[in-house]
Amino acid sequence: QKEVEQNSGPLSVPEGAIASLNCTYSDRGSQSFFWYRQYSGKSPELIMFIYSNGDKEDGRFTAQLNKASQYVSLLIRDSQPSDSATYLCVRFGNEKLTFGTGTRLTIIP
Amino acid sequence: GAVVSQHPSWVICKSGTSVKIECRSLDFQATTMFWYRQFPKQSLMLMATSNEGSKATYEQGVEKDKFLINHASLTLSTLTVTSAHPEDSSFYICSARGNPPPGHSYNEQFFGPGTRLTVL
């Protein structure tokens, strides 16, 4: 089982709708997670990090962490075409980042 | 704040030659730098971790004699791909971690823009 698993997509969402990205992880002891966005040919950009159970909101983005279910998600409200990218779920542990394979999101105008 | 640069942004070289990639933290001191590799349609894979003034720690399966890492100062780390071959063609990305700017987590890594290496 991979340490961090994501559905590779592609996930297509109409402009203005909510995009929901999901991630599961195998190490129950994992404490912190990051969501990064990566445009084609570019390096990752940090969207937000979360380390407590529950929701964390930052603008149009909401990250959710459920440690009992070993599940992390990212919601993007009012999706914009510029949100089209690959979204990487990243686990922080042992001083290292472990990247999921990413979910490709396409926002349809 | 927390800007990381890489040079060059892309490089094409002949098989058997060596290529050096620089990673610089421009506005903060990077106590730790990380080197990643990303093949097409795959995620980032950590190659090695380096702390300033210490030898790099390589991930399993990464040849330390082939991928030479130097982290001689708090603002510069270099990755040298020795005797490069076509299978080394990839997107190499560095990241840096240090005293974070306000509003950022200590655990956050700041990524460089990446270097695309093509070995002919």
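Chain A is the first sequence line, chain B the second, and so forth, proteins listed ahead of strands; every chain is numbered from 1.
- For the pair Arg77(A) and Glu57(A), the salt-bridge criterion is met [side-chain N within less than 4.0 Å of a carboxylate O].
- Under the disulfide bond (SG atoms under 2.5 Å apart) criterion, no residue pair touches residues 32-86 of chain A, with sequence neighbours excluded.
- No salt bridge links Glu108(B) with Arg97(B); every basic N to acidic carboxylate O contact stays at or beyond 4.0 Å.
- If you measure heavy-atom distances from Glu95(A) to chain B, the contacts under 4.5 Å come from both the backbone and the side chain.
- Atom OH of Tyr58(B) is separated from atom CD of Glu63(B) by 11.0 Å, given to the nearest 0.5 angstrom.
- Residue Phe33(A) forms a ring pair (Phe, Tyr, Trp, His ring centres under 6.0 Å) with just one option from Phe99(A), Tyr51(A), Tyr25(A), Phe49(A), and that option is Tyr25(A).
- Contacts of Leu88(A) with chain B are made by side-chain atoms alone, with heavy-atom separations under 4.5 Å and no backbone atom involved.
- The greatest number of non-hydrogen atom pairs below 4.5 Å with chain B, out of Gly102(A), Gly41(A), Ser40(A), is found for Gly41(A).
- Most heavy-atom pairs under 4.5 Å with chain B, from the set Thr101(A), Thr98(A), Leu97(A): that is Leu97(A).
- Leu44(B) touches chain A through backbone and side chain together, each having a heavy atom under 4.5 Å away.
- Ranked by heavy-atom pairs under 4.5 Å with chain B, the list Glu45(A), Lys42(A), Arg104(A) is led by Lys42(A).
- Shown here is Phe61(A), whose CZ atom has more than 12 heavy atoms of other residues, nucleotides or ligands within 6.0 Å.
- The candidate with the highest count of non-hydrogen atom pairs below 4.5 Å against chain A, out of Gln42(B), Gln38(B), Arg116(B), is Gln38(B).
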